[in-house]
Amino acid sequence: MNFDIENTDIAWCPGCGNFGILNVLKRALTELEINPQKLVLVSGIGQAAKTPHYLRTNFFNGLHGRALPPATMIKAVNPDLKVIITSGDGDMYGEGGNHFIHAIRRNPDVTAIVHNNMVYGLTKGQASPTSQVGFVTPIQVDGVFEEPFNPLAVAISLNASFVARTSIHNLDLSLNIFKQAIQHKGFALVDTFTPCISFNKINTRKWYEENTYVIDDGHDPTNRNSAFSKACESYPWPLGIIYKSPTKPSFEENLYIYQKNNKPAINREVQWDKLKALIESKSV
Amino acid sequence: MNFDIENTDIAWCPGCGNFGILNVLKRALTELEINPQKLVLVSGIGQAAKTPHYLRTNFFNGLHGRALPPATMIKAVNPDLKVIITSGDGDMYGEGGNHFIHAIRRNPDVTAIVHNNMVYGLTKGQASPTSQVGFVTPIQVDGVFEEPFNPLAVAISLNASFVARTSIHNLDLSLNIFKQAIQHKGFALVDTFTPCISFNKINTRKWYEENTYVIDDGHDPTNRNSAFSKACESYPWPLGIIYKSPTKPSFEENLYIYQKNNKPAINREVQWDKLKALIESKSV
Amino acid sequence: MSQLPLSNDISIVLGGEAGQGIQTIEQLLTKILKLNNFYVFATKEYMSRVRGGSNTTSIRVGSHPLQAPIERVDLLIPLDKEVLPRLQHRITSQTIVAGDMEALETNLKIFDIPLKKLSKELGSEIYSNTIALGLILSLLKTDGQIMEKYLGKYFGAKGEKLVELNIKAAHLGFKHGRELLENGTVRFPELSISDIQNDIMINGSEAIAMGAIAGGCRCIASYPMSPGTGVITFMAKVEHDFELIVEQAEDEIAAINMAIGAWYAGARAMVTTSGGGFALMAEGLSLAGMLEMPVVIHLAQRPGPGTGLPTRTEQGDLELALYAGHGEFPRIILAPGSLKDAFYITQKAFNLADKFQVPVIILTDQYFVDTYYNIPSFDLSQIKVESCIIEMDENYLRYQLTDNGISPRGIPGKGKGLVGVDSDEHDEAGHITENLELRVKMVDKRLKKLSLIKESAIAAKIYGPSDSRGFIISWGSTNRIVREAVKHLGKKDLTHIALQQVYPLPENLRHLLSSAKHTIVVENNATSQLGNLILRETGFQIDHKILKYNGLPFTVEELMHTISEKIS
Amino acid sequence: MSQLPLSNDISIVLGGEAGQGIQTIEQLLTKILKLNNFYVFATKEYMSRVRGGSNTTSIRVGSHPLQAPIERVDLLIPLDKEVLPRLQHRITSQTIVAGDMEALETNLKIFDIPLKKLSKELGSEIYSNTIALGLILSLLKTDGQIMEKYLGKYFGAKGEKLVELNIKAAHLGFKHGRELLENGTVRFPELSISDIQNDIMINGSEAIAMGAIAGGCRCIASYPMSPGTGVITFMAKVEHDFELIVEQAEDEIAAINMAIGAWYAGARAMVTTSGGGFALMAEGLSLAGMLEMPVVIHLAQRPGPGTGLPTRTEQGDLELALYAGHGEFPRIILAPGSLKDAFYITQKAFNLADKFQVPVIILTDQYFVDTYYNIPSFDLSQIKVESCIIEMDENYLRYQLTDNGISPRGIPGKGKGLVGVDSDEHDEAGHITENLELRVKMVDKRLKKLSLIKESAIAAKIYGPSDSRGFIISWGSTNRIVREAVKHLGKKDLTHIALQQVYPLPENLRHLLSSAKHTIVVENNATSQLGNLILRETGFQIDHKILKYNGLPFTVEELMHTISEKIS
Ligand SMILES: Cc1ncc(C[n+]2csc(CCOP(=O)(O)OP(=O)(O)O)c2C)c(N)n1
Ligand SMILES: Cc1ncc(C[n+]2csc(CCOP(=O)(O)OP(=O)(O)O)c2C)c(N)n1
Ligand code: SF4
Ligand code: SF4
Ligand SMILES: [Mg+2]
Ligand SMILES: [Mg+2]
């Protein structure tokens, strides 16, 4: 499997954490032997959301904040495809917040990798929902004072089926988590800390190194309450698989059409006889 | 204080739980001696959202799902007003889900009373985000299978400043909680169980009676972890004040304009001298 | 308003509170009338509440096809005291009012049928409606056997006891009716019958939904909103049989983005909504424009702005449909005028979307989706699902620049290629570009499709000669009402143009206008949005506008009146 | 394209990667030129990336007001090797290119200034830009003292060492420039100077933001979106001084609903966005229509559909602004054509919104918001905040039916009344109603306001006689470019109509059109949206359309060329 793409002019700043995420993602896909023809990368808009352009595969680069709804339906109409979302913290938790909640409730079998740089990179440095208190920007001139959005805690409160956090300074951990997330059946969230070297001078690579730790085996990711308290930790922030809810059926599995027969919806045809009968039933 | 309104043709079905909520709300306002002229009721669209029409006060009955943004700004530009939102489960957690998250993060000093009947009443019986698994409707013909939205758990994951649940079959508890919520400084969520007698034949008044209990004094609402595990309980569902986060400043308090001076924004004037100076500063 | 004289159809109005069961009588009545081989038309107007309020259903029964509401009421059955005052303006000395005088608290001269009392004699008040049903059926001189048989079928599932009592109740009403007929107090014209045994009776929502299924729709994602909800509800009801994915989205934004995702992956998909929900989809519409992704949108209009009148009707969102979405891209807007056409046009909408890779909007309204009448069954042999999806080779380019602007559309996993789509301006492979020459090519490519789309626009229906002195133009749900009014007026020099595609406008409209002298447009809105569109698109200025915007559809008499005024 | 001959202005282009510091040179250069009493105009085009890419800033320096971009480049300073190939079409034999030959890897004949080497001699590469600055300033024969003084001020905060080194660097460049002048290789026309000491230099975003502050705006809620973000950023910068509430909303839907809430409670509020964000506000716009709530929306256009070209320009959202929102309600759409007008028109927008209780949309675009030039300072004595809020009595009715459709607007807590507003159709007190006669009255009330609004429409600027043979019409940001082109063309029989209000169209446009013979519209879009609007509103068909939609604004020469073609 070769996901490299030629002649691409990558629009990211040299040194951006997104390069690391791109590379780890490519490696995870290669190691998992995923067929690029059967993979769709879905994204919204933002720096993170440009990722699909830098891999050789199918992609759907939609609107800012709106990656999850198309991703959900792409998977639903053709469960043979692997669907991965690459999104930013603003894309996923800001503009896309409502879809985040409700996609988790649906639990489609897709993986969401959120490049969490705690800032709006593409639009030049405004606060994102995950910006920490005190973060000063051209709009938040007195610093952010809103409670930072804690994606892990929220996902756990929604009983998401797979909730993890990694930080791109830790490549091995990231690779491991990406692979597990991609293999997980159901909605998998990987909140990925990553530095924006241009607009976030606080949460740098060094900051992430110093303010995170990898959780040890003692953590039981199937215990929702302890997962919640783990998710609420900060300074330092825990990295690892925080929560996995007991095997939940995925959105597609719950759909009636796949209950008896797993032929993808896209390959099904109009039931003309039944339609004729339905129409005729309206004669009385 | 008299909140009664004359000659009103109430559009609710006789027997609807909303009548109970209306009455308890009126009583709470009366007992708290709130001045109708200084009160604004804000709502979206739905049966619950019609509530403001049945009280004698100021009201802003906006769009479906969009009660929180105007409520936030009404309070921000005039903190002298008391602002209460009356909303349905679809209005607040469905269409309005993104505002729910972010309003909690901002923590405006407003009270949100959500009439949670676990169904879309006004549009005739589709599932709402809080509909329980298995609930059959004209659209969810095989029953709901999505994870029900747990507003308390989500609010706690967002570190909301006041999170409570009541059920309208318990009028005393409801009155008590409404009053505390209205008096609370910061965003107060009161998820209020209420029967929809026309479209929810499962979660009836009797069902609420049988499937809820009032939490006792042993529960410490300031402990976030135990609040979370309390919030996740079901069959029976706990009623009471589940969580109160340690005194957080409200949105308005955080705004720079009120830091030195609490004159409402609506009473402030253009600073012509400063504007002149600003313009002139552009001459170099 | 002067009323259409009683000719060969009879107009019945049932009125009452929500929850009082008018819907049941309506259903039984229209079905039984149809079984009696009468043509039937039914339309309703109702308040936005689940219980209470005051709602009416108007039913026309006749010996020829009926597809429009009239003002005249021949027989009024009020089930509630609100009805009489509300319908006052429609009651004339010719109107027969029959009901429970005591319950109605009226001093109008009405035929007192003590429904409640009679019902109680059968053991409960619940039979009142069935008694009223029997009454109506007998006044229309229908066959008691057919009634009995149908009631048996209808109540069958609820047990024999109920069947028996309901039949008894119906006969009671029937008897009362017969007395009124026999003593000559009620006299309706004799209606001849036709063989309409195989006709079907459906409403607008059903016509759209069945058209969608016939169009190969595999997925509908929507957020409930009156009056758009009927379509998804119907599709949910039959989702097992037709292997549909029916998803209630968290909001309209999710819905349109889901539908676009489904098309991308290879499944035909649609959304159904009303104006407010459609407004929220505007950005998604623009996305479809940029991605060149087909998508079908059913927009059932109701009066706005804002929440407006949720259960009423209006044709107020044409301009919204025309211009929603930022930037410039082509679209198609269809507006079926009859239930028959709604089926075929919706079916076609999916093929058009697929062929031209553009959003297709089907504009209906509350009046249209809630109205039903009998029509011949659909001919499925004349339609097919024309999928344009190709098998990709290795060098596949999603946005290949072609002469006519259409690039062959592949889907992920089908063939050796890869499918990349992007909401940014993109190159042929779908990758983001800032090459400004390519930008121009891509704009031209997208807009170029409009000329092809124009060529295949659905022609307007033309009733009358093409060299008439007067032209009367209508669109969508208003077409059939204008049709009947014009017919009754019987003016030779008046030609009716009934549009079923409003954008791009069909060639035959342009052609007729080029020589038109006197023109009238009829629209169920306040600002004449079609008139504005015609002016913008053809430079042709309409002379007269007949507009209505109180939340109700036009009636035949009202149009006869206003049209006469304008042409005299 | 033929280029405007060098007359009394000089055109300088700086090009380089994002992050390379062109913005700093640009700022220093324009400021210092202005201090030298030259007129200055600067506009930029840039790629959607934070680092890298290839961006240019075009600066015109002259002895008379300059307010439009030109094609001609007199002096090009490329800081990166991408610039020369990208600007090839604008480089002629007359263009002076000066730069670091080694870094540029070019074989064009350019004046080699070894910026990097010289800079390193000062101890670091970072002085390259300042050297280039000095070079330009000397070629323009400006005063070295002024330069030195300004650099001192600019770098002052960063310490004396830096000041010193930068001044040294500038003088190094200055020296190189003088050599080129002295040996006669470079020769620019002598520019006379005017006293523009007190002129201010601002860009479009600043003009809008300051206009808003002068309009009494107290609150701005928005979600970041290029090119709309500049306005909220500026307001945030000055929020302390002007006691503003500046809120970044979670999405555009929240933003518009917040702004509407603020107006309801009595604070003037606005939002700023671009096409995609505005599309999301469509439902909220309709809400404002129904509530009759004032609201001001700044819509800075960029090329669509979808995400389009985020950092480029287009006038492609006029129709969206015109028709966004479901249902029928009036609105006002303004499109300032100059920076001066942007200030006054934005100020006025708040008064108009307040007076007529309708949404007011200010349409600009990326070109407009990012462009700056010097203009006389604003006269604050001629403007005021005209608040129409009343003190309520006990019987206050928010939607009182009045002759002109405007109901006095109260706010909660002010006076004895209560303020109820409702997105459903409502009665005079704001309570939900299903009275259909009242519905008609309320529709009429809302729409009636349009005639008052028309009366106070901002007149189009007319340049030329009203009985010209030809009329050339433009709107918004394109006005000043057309203005200069028409001026240079110097045709007597050509009158330029520059619209600053596009809806409702001003009376003077209608009037002129009624006798117009030959008309041309100039628009920065692909489908001539203003032309369509004029046709729809006046029945007048424009003869020729000059359209551009590659993401860049028109240039003067280009317009001279295309206009000549159309009128010949
Ligand atoms: C509807 C809409 N609103 C706003 C924008 C502008 N916008 C593009 S990306 C972005 C935020 C980017 O932040 P994030 O999602 O965190 O991604 P990052 O660039 O940091 O990777 C915004 C606000 C848009 N494209 N569309
Ligand atoms: C944008 C938009 N979408 C949909 C609707 C239709 N709608 C009105 S109320 C409602 C849901 C009502 O449910 P809920 O909020 O739970 O209130 P309830 O009626 O149950 O009290 C919906 C879907 C609308 N008015 N606007
Ligand atoms: S701006 Fe930040 S997030 Fe964007 S590419 Fe640069 S470093 Fe990365
Ligand atoms: S439908 Fe349900 S929620 Fe609505 S008024 Fe009736 S009982 Fe109450
Ligand atoms: Mg980010
Ligand atoms: Mg509800």
Side-chain angles (χ1 to χ4, degrees), chain A residues 65 93-108 127 129-131 133 140-161 186-187 223-234 245 248-257 259, chain B residues 65 93-108 127 129-131 133 140-161 186-187 223-234 245 248-257 259:
Chain A
Y93 312 134
E95 186 87 49
N98 207 28
H99 312 309
F100 179 68
I101 296 174
H102 294 281
I104 292 178
R105 294 184 50 232
R106 278 187 196 98
N107 198 34
T130 56
S131 293
V133 170
Q140 286 75 18
V141 291
D142 298 314
V144 167
F145 54 74
E146 289 86 354
E147 180 83 29
F149 183 80
N150 181 332
L152 310 187
V154 173
I156 294 165
S157 75
L158 292 159
N159 202 20
S161 74
F187 187 83
N223 181 320
R224 192 164 168 200
N225 287 329
S226 63
F228 182 77
S229 79
K230 182 61 71 187
C232 291
E233 284 180 13
S234 61
S245 69
K248 270 175 113 168
S250 69
F251 178 62
E252 308 81 64
E253 286 174 329
N254 275 316
L255 292 176
Y256 181 84
I257 56 161
Q259 234 117 75
Chain B
Y93 311 134
E95 186 86 47
N98 207 29
H99 313 307
F100 179 68
I101 295 175
H102 294 282
I104 291 178
R105 293 185 49 230
R106 279 187 195 98
N107 198 34
T130 56
S131 293
V133 170
Q140 287 75 18
V141 292
D142 299 314
V144 166
F145 54 74
E146 287 87 355
E147 181 83 29
F149 183 81
N150 181 331
L152 310 187
V154 173
I156 294 165
S157 74
L158 292 159
N159 201 20
S161 75
F187 187 84
N223 179 321
R224 191 163 167 203
N225 287 329
S226 63
F228 182 77
S229 79
K230 183 62 72 189
C232 290
E233 285 181 13
S234 61
S245 68
K248 271 176 113 165
S250 69
F251 177 63
E252 308 81 65
E253 286 173 329
N254 276 315
L255 291 176
Y256 181 84
I257 56 162
Q259 234 117 76

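Labels below follow one simple rule: chain letters A, B, ... track the order of the sequence lines, proteins then strands, and each chain is numbered from 1. Predicted, not measured: the structure shown is a model, and the values here were computed from it. FYI, side chains are in, hydrogens and waters are out, and symmetry mates aren't considered; it's all heavy atoms of this structure.
The heavy-atom pair separating A:F145 from A:V133 by the smallest distance is O-CG2, 4.4 Å. B:N98 and A:Y93 get closest at one heavy-atom pair: OD1-O, 4.2 Å. Between A:K248 and A:S161, the shortest heavy-atom distance links the atoms CD-CB, 4.0 Å. Between B:L158 and A:F149, the closest heavy-atom pair is CD2-CD1, 3.7 Å. For the residue pair A:N225 and A:N223, the shortest heavy atom distance occurs at N-OD1, 3.0 Å.
Between chain A and the residues B:A231, B:P129, B:C232, the most heavy-atom pairs under 4.5 angstrom are made by B:P129. In terms of heavy-atom pairs under 4.5 Å with chain A, the best-connected choice from B:P148, B:P249, B:A160, B:G97 is B:G97. Ranked by heavy-atom pairs under 4.5 Å with chain A, the first of B:R224, B:H99, B:R106 is B:R224. Of the listed residues (B:N159, B:N150, B:N107), the greatest number of heavy-atom pairs within a distance under 4.5 Å of chain A belongs to B:N159. Between chain B and the residues A:E95, A:R105, A:E146, the largest count of heavy-atom pairs under 4.5 Å involves A:R105. Options B:S226, B:G96, B:A155, B:G94 differ in how many heavy-atom pairs under 4.5 Å they form with chain A, and the most are formed by B:G94.
For A:I156, the parts lying under 4.5 angstrom from a heavy atom of chain B are both the backbone and the side chain. Proximity to chain A (any heavy atom under 4.5 Å) is shown, for B:I104, by neither the backbone nor the side chain.
Looking at heavy atoms from C-beta onward, B:V154 lies out of side-chain contact with A:I101 at the 4.5 angstrom threshold.
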